[in-house]
Amino acid sequence: MIEVLIPTYQRPTALAVTLTALAFQTRLPKRIIISDQSDAPVTDVPEIGAIVLLLRAKGVVVEFHRNLPRRGLAHQRQFLLDHARADQLLFLDDDVISEPWLLALLGDQLSRAGCGFVGSAVIGLSHRHDVRPCQQAIELWDEPPRPERIAPDGSGWDRHRLHNAANLWHVQQRLAPTPAAARLYKIAWIGGCVLYDRAKLLACGGFDFWRDLPAAHAGEDVFAQQRVMARFGGAGLIPSGAYHLELATTVPDRAFDVPHRLVLA
């Protein structure tokens with residue numbers, strides 16, 4: 001079973017959209033855990049209350065936690081991890097729409113691959129007419145994902161370009177993968193929608209490095225994935241099945257970019 005972990009801040013409408021998509025998964029999550037750092041609790045928002053009622057009516061446990069004061073996203077993610085219990089944990093941003101088949105497919109692919117995580121890169125459909133052939137290289141895994149050491153500006157780092165704009169959407173149009181014939185591919189990292197093997201994430205320390213960071217930072221998910229990939233491997237899923245709401249970032253200060261500041265052991 002999958003637990004979904006959602007950090008949220010000042011995005012009640014987006015969170016309602018994200019939760020609504022989760023309510024119509026063909027394989028529902030066991031539990032959804034939301035760590036809320038908004039000024040006003042999201043539990044006060046009627047739209048969120050309505051979708052939570054539906055999720056609970058379908059048997060999904062939904063938990064809300066207030067995590068204040070704000071100490072950065074790495075702490076948010078570690079806070080969520082500390083509350084999780086399932087073997088598979090989906091870290092899902094609060095501005096992602098998911099296809100109904102996504103959770104089931106991610107779970108099956110992670111179990112089959114045996115790696116540390118499998119993620120679905122979020123697609124920005126406002127860029128669907130912005131075709132960038134020079135950013136659409138894809139390396140499919142023809143074997144179970146193996147450990148890779150991916151560091152900034154090193155081998156494999158340029159793979160991140162595939163996740164810009166709607167590049168993955170255009171690759172999907174060309175390769176025409178389906179949920180029944182999904183493939184895994186090599187990545188530098190994946191943002192927004194990543195399913196971890198909980199035991200493997202914990203074995204790599206989770207997000208315990210939050211103590212070494214200023215509250216204003218970015219790239220904490222990248223660094224955590226780097227650590228897991230170096231030991232257990234990781235992969236992207238095509239078709240993705242995850243779409244970005246393309247809202248303004250809630251992390252405008254990105255001067256402290258974690259993978260460029262911390263050393264991968």
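All values derive from a computational prediction rather than experimental measurement.
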Among Arg198, Arg31, Lys30, salt bridge (Lys or Arg N to Asp or Glu O under 4.0 Å) partner for Glu3: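 Output: one option passes, namely Arg31.
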Closer than 3.5 angstrom, by distance alone: can the side chain of [X] be matched with the main-chain N or O of [Y] as a donor-acceptor pair?
X	Y	value
Asp253	Ala255	yes
Asp197	Cys115	no
Arg227	Gly206	yes
Gln225	Trp189	no
Arg159	Ile138	no
His217	Pro214	yes

Exceeds 12 heavy-atom contacts within 6.0 angstrom, atom CG of Asp87: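 Open: at most 12 neighbouring heavy atoms sit under 6.0 Å from CG of Asp87.
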Do the charged groups of [X] and [Y] touch, with an N to O distance under 4.0 Å?
X	Y	value
Arg128	Asp130	no
Asp82	Arg77	no
Glu148	Arg231	no

Taking atom types as modelled, find out whether [X] and [Y] have a side-chain donor-acceptor pair closer than 3.5 angstrom.
X	Y	value
Asn67	Gln76	yes
Gln78	Asp208	no
His65	Asp36	no
Glu47	Thr20	no
Ser98	Gln25	yes
Arg149	Ser155	no

Chi angles and distances behind the side-chain contact (heavy atoms from CB on, under 4.5 Å) call for Val122, Tyr243: CA-CA 5 Å; Val122 293; Tyr243 307 94; over 6 Å; no
Partner of His244 by side chain to side chain contact (heavy atoms under 4.5 Å, CB included), out of Leu125, Ile123, Asp95: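 Result for side chain to side chain contact (heavy atoms under 4.5 Å, CB included) with His244: Asp95.
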Test log, rule side-chain contact (heavy atoms from CB on, under 4.5 Å), inputs Thr250 and Asp94: CA-CA 11 Å; Thr250 58; Asp94 61 0; 6.0 Å; no
Close side-chain approach of Pro145 to Tyr185, heavy-atom, < 4.5 Å: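 Result no, sub-4.5 Å side-chain heavy-atom pair not found.
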Side chain to side chain, Val61 and Ile32, heavy atoms closer than 4.5 Å: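 The answer is no, as the side chains (C-beta and beyond) never meet within the 4.5 Å cut-off.
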Side chain to side chain donor-acceptor pair (under 3.5 Å) assessment of Thr249 paired with Arg254: CA-CA 10 Å; Thr249 181; Arg254 295 176 174 268; 3.2 Å; yes
Under the ring-ring contact (aromatic ring centres under 6.0 Å, His included) test, residues paired with Phe117 that sit two or more places apart: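 Testing Phe117 for ring-ring contact (aromatic ring centres under 6.0 Å, His included), a comparison that skips the adjacent residues, returns Tyr196.
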Derivation of the salt bridge (charged side-chain N to carboxylate O under 4.0 Å, His left out) call for Arg71 and Asp212: CA-CA 11 Å; Arg71 285 168 281 189; Asp212 301 321; over 6 Å; no
